[in-house]
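Have a look at the structure below before the remarks.
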Amino acid sequence: WEESEDGLSYTFTLNEGILCHDGSPFTAEDVKFTIDRAFDPDSASLTQTAWGPIETVEVIDDVTFRVDLASKFGAFIPFLADSFSSMVCDSVDPETFGSTTAIGTGPFKLVEWVKGDTVTLEKNPDYVNFGRPLENPGPPHVDRLLVRTVPEPQTRLAALTTGEVHIAEPPFDDIPAIREAGELEIVVAENTGQNVFWEFTISRPPFDDIRARQAVAYGTDPEMAIDIIYGGLSQREWCPIARGVFGNDQEFCQQFGYEYNPEKATELLAELGYGPDNPLETTMYVWTGGNRHKLAEIFQAQLAQVGIQAAIEIMDIGTMNARVREQNESPDDPSPGTFDMMTWSWYDPDILYALWHSPGAYSGYSTPELDEMLELTRTTIDPEGRLEAVQNVIQYLMENAVHVGLYTPGWEWVFAVRPEVEGFVIGPFLHPQFADVQIKG
């Protein structure tokens with residue numbers, strides 16, 4: 001690609017000879033179709049904001065197109081490397097796409113999706129690998145890939161043990177025993193972009209006061225909790241963006257972070273009028289899976305020691321997101337504000353814009369000053385200048401105890417693999433790669 005001097009236009013040249021899953025040529029028209037569809041109000045794309053301030057997509061010829069932006073957008077090129085921007089061929093049926101049909105250009109093509117049960121994929125015989133970090137230059141070695149939903153951890157482990165499935169997320173409590181037995185390989189994803197953090201309802205007491213937010217931050221010990229629950233499978237995360245993402249610097253973030261300090265937490269609560277006979281009462285929202293309920297119980301016990309009585313409510317992530325928004329949009333609710341163990345994954349620090357630029361992902365914390373700072377993280381495309389803009393936002397969020405990092409990774413990042421499976425790898429940002437996979441024996 002080539003970038004214009006003013007940073008507002010990008011001209012791309014596609015590789016030739018790429019075919020869609022239905023055999024039609026993949027051209028610049030398909031790119032235009034994909035991007036236009038993301039901005040079509042009738043499609044209600046959840047990724048629209050992530051594409052940035054795109055104004056037009058112009059097809060120059062079959063393999064060349066230009067994207068014009070209304071303003072500079074530092075996350076544009078990184079976004080095009082993420083699966084959220086996967087290209088859709090314009091031969092797809094717009095009425096059924098995303099529900100029963102999908103036509104793209106990847107190594108596998110969709111055969112059937114039984115919602116809540118199984119996704120059946122088959123090898124794309126025309127696939128050519130132009131960029132994935134794999135040895136295989138062409139189609140996958142395996143003919144079919146079945147992705148099954150099996151919520152019960154022990155059922156997954158039993159299916160692995162008998163050979164009914166080849167790869168699965170193992171029960172966390174059984175990982176030490178699995179490693180000791182030595183039959184199954186444990187594969188841990190790196191650079192997932194996943195970030196688990198404390199987030200607060202700041203529209204009403206108690207967390208409209210920074211001291212209450214800081215008390216939670218000082219009153220919890222994430223390192224101890226994740227060591228107990230995950231062992232060496234997760235790391236303490238100081239930054240509002242995860243390791244592997246541009247702008248993540250543990251030493252920089254730790255300057256503004258909250259070391260475990262129960263005495264400081266108690267002092268802050270006392271300033272707010274809370275004490276042994278008058279604990280701060282609130283509710284902690286946690287989403288299901290990944291032994292997060294056990295983490296929550298440890299955090300609950302730690303907070304109780306400093307004078308915070310936090311009830312725990314566990315729910316699926318969709319419900320939790322809706323509840324967090326409802327809490328933020330209910331300033332007159334007489335009940336105490338809540339806090340939550342929020343989890344996001346993204347490939348770029350632009351996640352901070354999605355979360356905190358008003359109105360924000362959940363109508364949460366926002367200020368004109370923060371909005372202005374977040375705009376700079378998007379419109380600054382010089383790497384050094386953008387890094388400074390990102391770190392300014394990080395410092396602001398941490399000093400105001402808005403986004404308090406806990407740990408990374410946080411969900412579905414550990415896989416158990418049977419011995420006959422070779423070539424399974426996990427790419428950056430938790431993209432399992434199957435094109436090299438072979439089943440031996």
Grab the two heavy atoms, one from [X] and one from [Y], that are nearest each other, plus how far apart they are.
X      : Y      : answer
Cys253 : Ile394 : SG-CG2, 3.7 Å
Glu399 : Gln214 : O-NE2, 4.1 Å
Ala296 : Val286 : CB-CG2, 3.7 Å
Asn124 : Pro139 : O-CB, 3.5 Å
Phe197 : Gly405 : CB-CA, 4.0 Å
Pro153 : Pro171 : O-CG, 3.5 Å

Residues [X] and [Y]: side-chain donor-acceptor under 3.5 angstrom:
X      : Y      : value
Tyr353 : Thr49  : no
Thr338 : Thr283 : no
Trp113 : Thr100 : no
Gln235 : Thr408 : no
Asp173 : Asn291 : yes
Asp333 : Gln327 : no
Ser91  : Asp22  : yes
Gln250 : Glu237 : yes

Using 4.0 Å as the upper bound for N to carboxylate O, is an ion pair formed by [Y] and [X]?
X      : Y      : answer
Glu164 : Arg418 : no
Glu271 : Arg211 : yes
Asp340 : Arg323 : no
Arg156 : Glu152 : no
Asp227 : Arg236 : no
Asp208 : Arg204 : no

- [ ] Assess whether side chain to side chain donor-acceptor pair (under 3.5 Å) is satisfied between Ser358 and Asp371, documenting all intermediate values.
- [x] CA-CA 7 Å; Ser358 58; Asp371 281 354; 2.4 Å; yes
Open item on the list: Evaluate Ser363 against Arg325 for side chain to side chain donor-acceptor pair (under 3.5 Å), listing each step before the verdict.
Closed with: CA-CA 6 Å; Ser363 302; Arg325 176 181 288 275; 3.1 Å; yes
- [ ] Sort out for me which residue in Phe429, Tyr230, Tyr407 forms a ring pair (Phe, Tyr, Trp, His ring centres under 6.0 Å) with Trp413.
- [x]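 Filter result, single survivor: Tyr230.
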- [ ] State yes or no: are the ring centers of Trp346 and Phe84 separated by less than 6.0 Å?
- [x]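 Between Phe84 and Trp346, which both carry aromatic rings, the centre distance is below 6.0 Å.
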Task: Aromatic ring proximity Phe434/Phe424, centre distance under 6.0 Å - done: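 Ring centres of Phe424 and Phe434 closer than 6.0 Å.
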Open item on the list: As a quick check of understanding, evaluate side chain to side chain contact (heavy atoms under 4.5 Å, CB included) for His141 and Asn136, giving each step before the final call.
Closed with: CA-CA 9 Å; His141 301 299; Asn136 184 3; 3.7 Å; yes
To the nearest 0.5 Å, what is the distance between [atom1] on [X] and [atom2] on [Y]?
X      : Y      : atom1 : atom2 : result
His357 : Thr367 : NE2   : OG1   : 10.0 Å
Leu352 : Trp344 : CG    : CH2   : 10.5 Å
Gln309 : Asn278 : CD    : CG    : 11.0 Å
His21  : Thr101 : NE2   : OG1   : 12.5 Å
Gln433 : Arg132 : CD    : CZ    : 5.0 Å
Leu295 : Met224 : CG    : CE    : 10.5 Å

Open item on the list: Does Glu190, at its CD atom, have more than 12 non-hydrogen atoms belonging to other residues, nucleotides or ligands within less than 6.0 Å?
Closed with: no
Looking at side-chain heavy atoms only, is the closest gap between [X] and [Y] below 4.5 Å?
X      : Y      : result
Tyr274 : Pro206 : yes
Asp30  : Val88  : no
Ile54  : Val67  : yes
Met342 : Asn321 : yes
Val414 : Phe172 : yes
Val437 : Glu422 : no
Ile103 : Lys109 : no
Val425 : Asp436 : no

According to the interplanar angle, ranging from 0 to 90°, do the rings of [X] and [Y] count as parallel (below 30°), tilted (30 to 60°) or perpendicular (above 60°)?
X      : Y      : answer
Tyr258 : Tyr218 : perpendicular
Trp356 : Tyr365 : perpendicular
Tyr347 : Phe79  : tilted
Phe200 : Phe207 : tilted
Tyr10  : Phe76  : tilted

- [ ] Report the C-alpha distance between Asp82 and Ser85 in whole Å, list the side-chain angles of each, state the deciding distance to 0.1 Å, and finish with yes or no for side chain to side chain donor-acceptor pair (under 3.5 Å).
- [x] CA-CA 6 Å; Asp82 191 79; Ser85 64; over 6 Å; no
Open item on the list: For a salt bridge (Lys or Arg N to Asp or Glu O under 4.0 Å) check, start with the C-alpha distance between Asp348 and Arg386, then their side-chain angles and the critical distance, and finish with the verdict.
Closed with: CA-CA 12 Å; Asp348 187 88; Arg386 190 171 189 234; 2.7 Å; yes
TODO: Please name all residues satisfying side-chain contact (heavy atoms from CB on, under 4.5 Å) with Thr266, sequence neighbours left out, ordered by chain then number.
DONE: Val306
- [ ] Compute both the distance and the angle, then confirm whether Arg213 meets the cation-pi test with Trp198: under 6.0 Å from the six-membered ring centre, within 45 degrees of the axis.
- [x] no
- [ ] For a side-chain contact (heavy atoms from CB on, under 4.5 Å) with Trp238, tell me which candidate from Glu251, Gln255, Gln254 qualifies.
- [x] Gln254
